[in-house]
Amino acid sequence: MKCPICGYTESRVVDSRPTEGNSSIRRRRECLSCQKRFTTYEVVESLPLIVIKKDNTHEIFDRNKLLAGIIKSCYKCPVTTRQMEQIATEIETELQNSLNREISSKHIGVLVMDKLKALNDVAYVRFASIYREFKDLETFMQELENLKNEKEKNTK
């Protein structure tokens, strides 16, 4: 670390502690040349996730947008805010842990549907109806029939 006073590139760490919120590490350093002390902050570098939309445009992943979609799907369903936030957190963590920095909105939609399907049928159908863009009653009914058959198969 370069000393801000004399420019010398060698220093030693005198004290190290996490900042409030544990988002970074505060380090007190001492220059090995001029013996002056200075503070540095160490932060984990995170590269933004890029979402590739259906129309091939790109935008930065927005957790709030993801959560808003989940909240809309769960409207008037017996799903707590905590459960909705947990779904958003799980999906965000899975995306951050993947090696891909570019993720299709289609992939995110599938992750949301999988989580909602396990949590609440109505929320799942609401999300699926928008995500899959059901064009008519027939495709909507087919999705409901598939869900019903899957539930019956799992209860046997």
Which distance, rounded to the nearest 0.5 Å, do you find between the [atom1] of [X] and the [atom2] of [Y]?
X    : Y    : atom1 : atom2 : value
L49  : L95  : CG    : CG    : 6.0 Å
L119 : T80  : CG    : OG1   : 8.0 Å
I70  : K65  : CD1   : NZ    : 13.5 Å
F61  : Q96  : CZ    : CD    : 7.5 Å
Y8   : Q35  : OH    : CD    : 10.0 Å
K117 : L147 : NZ    : CG    : 6.0 Å

>> What verdict does the side chain to side chain contact (heavy atoms under 4.5 Å, CB included) test give for C77 and R126, after you've listed the backbone C-alpha separation in whole Å, the side-chain angles of each residue and the deciding distance to 0.1 Å?
In response: CA-CA 11 Å; C77 290; R126 283 182 185 158; 3.6 Å; yes

Quick one: does any side-chain atom of [X] pair with a main-chain N or O of [Y] as donor and acceptor, under 3.5 Å?
X   : Y   : value
R37 : V14 : no
T19 : S24 : yes
T57 : K53 : no

Is the shortest side-chain heavy-atom distance between [X] and [Y] below 4.5 Å?
X    : Y   : result
K106 : I52 : no
N120 : C74 : no
C31  : I5  : no
R63  : I91 : no

> Taking atom types as modelled, is there a side-chain donor on Q142 or N146 under 3.5 Å from an acceptor on the other?
Replying inline: yes

> Do we see a donor-acceptor contact under 3.5 Å between the side chains of S98 and N100?
Replying inline: no

>> For a side chain to side chain contact (heavy atoms under 4.5 Å, CB included) check, start with the C-alpha distance between E102 and H58, then their side-chain angles and the critical distance, and finish with the verdict.
In response: CA-CA 9 Å; E102 292 184 352; H58 294 62; 4.3 Å; yes

Please give me the minimum heavy-atom distance between [X] and [Y], naming the atom from each residue.
X    : Y    : value
C3   : C6   : SG-N, 3.4 Å
P48  : I60  : CB-CG2, 4.3 Å
Y124 : M113 : CD1-O, 3.4 Å
F127 : G69  : CD1-O, 4.2 Å

> Could you walk me through whether S33 and E10 pass the side chain to side chain contact (heavy atoms under 4.5 Å, CB included) check?
Replying inline: CA-CA 8 Å; S33 176; E10 298 292 321; over 6 Å; no

> According to a 4.5 Å side-chain heavy-atom criterion applied to Ile, Leu, Val, Met, Phe, Trp and Tyr, with indirect links allowed, do L32 and M1 form part of one hydrophobic cluster?
Replying inline: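 Result: no, two separate clusters.
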
> Can you name the one residue among I50, V51, I108 that meets side-chain contact (heavy atoms from CB on, under 4.5 Å) with I103?
Replying inline: I108

